[in-house]
Number of protein chains: 2
Amino acid sequence: MAEAVRLADREGVGELSMRRLARALGAGAMSLYYYVASKEELLDAMIDVVFEEIELPPEETDWQSAMRRRAVSARQVLARHPWAIGLMESRTSPGPANLRHREAVTACLRRAGFPVLTATHANWLLDSYVYGFALQEASLPFDTADEFADMAEDVFLPQLPVDEFPYLNESAAALVAAGFDPAEEFIFGLNLVLAALEPLRVPT
Amino acid sequence: MAEAVRLADREGVGELSMRRLARALGAGAMSLYYYVASKEELLDAMIDVVFEEIELPPEETDWQSAMRRRAVSARQVLARHPWAIGLMESRTSPGPANLRHREAVTACLRRAGFPVLTATHANWLLDSYVYGFALQEASLPFDTADEFADMAEDVFLPQLPVDEFPYLNESAAALVAAGFDPAEEFIFGLNLVLAALEPLRVPT
DNA sequence: TCGTACGTCGTACGTTGTACGAAGAAGTAG
DNA sequence: CTACTTCTTCGTACAACGTACGACGTACGA
């Protein structure tokens, strides 16, 4: 499992084949099938490994701090394993780590005073934001702020005719000037979402 | 392109091969390569077909209504083409329809009075929500509310030991009782996000 | 000593993306 | 009409894929 995740991180999930994984483990291809019924099952298990890496919301703090921590952790983990995001779409049954995670998040929200159905709404909203952000971040063609500045000036701006895309040009320029940090960008939206949820609590 | 999208919708993107697509078109496999340099390029083009289906924010209404319309449309389209979500993670260069869409959204936000960088934040937040929601919706193992109720009682609840997952049991039960409609769920979070963004506008 | 279970893997089959180059179709110039 | 170019189609071939099947060695309790 760990080697499979490492391979997917390094080369992309498209390059992960049973034969390559076996070779990386110093084994024959068919040996893998003793531990895993199919490649599908391997991918399911890999997703659960990723979920295991995400911090659970700590219990001792206020709900906003707790949710912020786990959301930030989730973003970091998904940025480390970008292939996991694309995989989730096709895989429908959650693994044990996934379930434990959901339980902990729901518990945190319920204890914070969100009614049952409201907690579900909050869950959808928060998870949507986290996954969607990770998805967008994964499809960025650069990794660091410097790389972004370089690419913006050399690639994006020349590709965007000013008369056809005036607003995109404007914001690209502003972004280059201000610098772009995914972690900060993430926190900004996250704080808005958390603040928007706050009034939905029912004081206990 | 259209046939490729239809095939992916019907059978999943995993079942889309150059040979199958060619057969569906009544052509030889290699003929496709006259129109497309590689399968990668085909997938890129398919994504752009999907973006073309998403409604642009209308210009004549207030910004919240405009963004709501385009977000709702985006969710519908992505629910129709779930494979597109998973594909976005690996594809880094946006197609023309994608760019047009981004331009229109940014224009709408800027005209509504959001400062340049704030508009970027809003864009990330809104897109994250839309994509993340679509991703979660795509990984649901059911399609309709009735199907959900059936599955919840027959599959989920028996799988979730009450003592280990008390909160998940509670919300699953509440959801079965209340019914679950993805479209409504989506609007709920969307309205929260829009309301959270409202005060960031600068009156013109 | 032997049966059973555990773990490994070689071979083989059908399918995949696509490099290469041949071949027909269609248009243009003389 | 012919000659030549450009457009479009596709057959073949190759390496890599997932995995069904069955053979094999080893460990261990009886």
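So you know, we letter chains A, B, ... as the sequences are listed, proteins then strands, and number each from 1.
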According to the salt bridge (Lys or Arg N to Asp or Glu O under 4.0 Å) rule, which pairs have a member within residues 118-140 of chain A, sequence neighbours left out?
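For residues 118-140 of chain A, and leaving out neighbouring residues, the salt bridge (Lys or Arg N to Asp or Glu O under 4.0 Å) pairs sorted by first residue read A/Arg70-A/Asp127, A/Arg75-A/Glu137.
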Whether A/Phe133 and B/Trp124 hold their rings parallel, tilted or perpendicular, with breakpoints at 30° and 60°:
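Tilted: the ring planes of A/Phe133 and B/Trp124 meet at 30° to 60°.
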Under a criterion of less than 4.0 angstrom to any heavy atom of chain A, what are the 5'-terminal and 3'-terminal contacting nucleotides of DNA chain D?
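The contacted stretch runs from D/dC17 to D/dC21.
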In degrees, rounded to 10°, what is the bend between the two ends of the helix from C/dT1-D/dA30 to C/dG30-D/dC1, using five pairs at each?
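Computed from the C1' atoms at both ends, the axes differ by 10°.
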Sequence-distant partners of B/Phe142, ring pair (Phe, Tyr, Trp, His ring centres under 6.0 Å), two or more places apart
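Once residues adjacent in sequence are excluded, the partners of B/Phe142 under the ring pair (Phe, Tyr, Trp, His ring centres under 6.0 Å) criterion are B/Phe148.
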Looking at residues at least two apart in the chain, or sitting in another chain, which of them share a side-chain contact (heavy atoms from CB on, under 4.5 Å) with [X]?
{"X": "B/Glu164", "value": "B/Pro161"}
{"X": "B/Glu153", "value": "B/Val176"}
{"X": "B/Leu56", "value": "B/His101, B/Ala104"}

Tell me which residues in residues 82-93 of chain A put a heavy atom below 4.0 Å from DNA chain C, sorted by number, or none.
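By residue number: none to list.
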Quick check on contacts: within residues 38-47 of chain A, what sits under 4.0 Å from DNA chain D by heavy-atom distance?
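A/Ser38, A/Lys39 - these, ordered by number, are the residues of the stretch whose heavy atoms sit under 4.0 Å from the strand.
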Restricting to nitrogen or oxygen on both sides, can you table the protein-nucleotides 8-12 of chain C pairs closer than 3.5 Å?
residue: C/dT8; atom: OP2; partner: A/Tyr35; partner atom: OH; Å: 2.7
residue: C/dC9; atom: OP2; partner: A/Gly28; partner atom: N; Å: 2.9
residue: C/dC9; atom: OP2; partner: A/Ser31; partner atom: OG; Å: 2.7

Can you list everything that forms a side chain to side chain donor-acceptor pair (under 3.5 Å) with A/Asn169? Sequence neighbours excluded, please.
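Side chain to side chain donor-acceptor pair (under 3.5 Å) check on A/Asn169 returns nothing, list empty.
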B/Glu170: what forms a side chain to side chain donor-acceptor pair (under 3.5 Å) with it, not counting sequence neighbours?
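B/Glu170: side chain to side chain donor-acceptor pair (under 3.5 Å) contacts with A/Arg110.
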Backbone of A/Asn98 reached by a side-chain donor or acceptor of A/Asp48 within 3.5 Å:
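Yes, because the side chain of A/Asp48 sits within donor-acceptor range (under 3.5 Å) of the backbone of A/Asn98.
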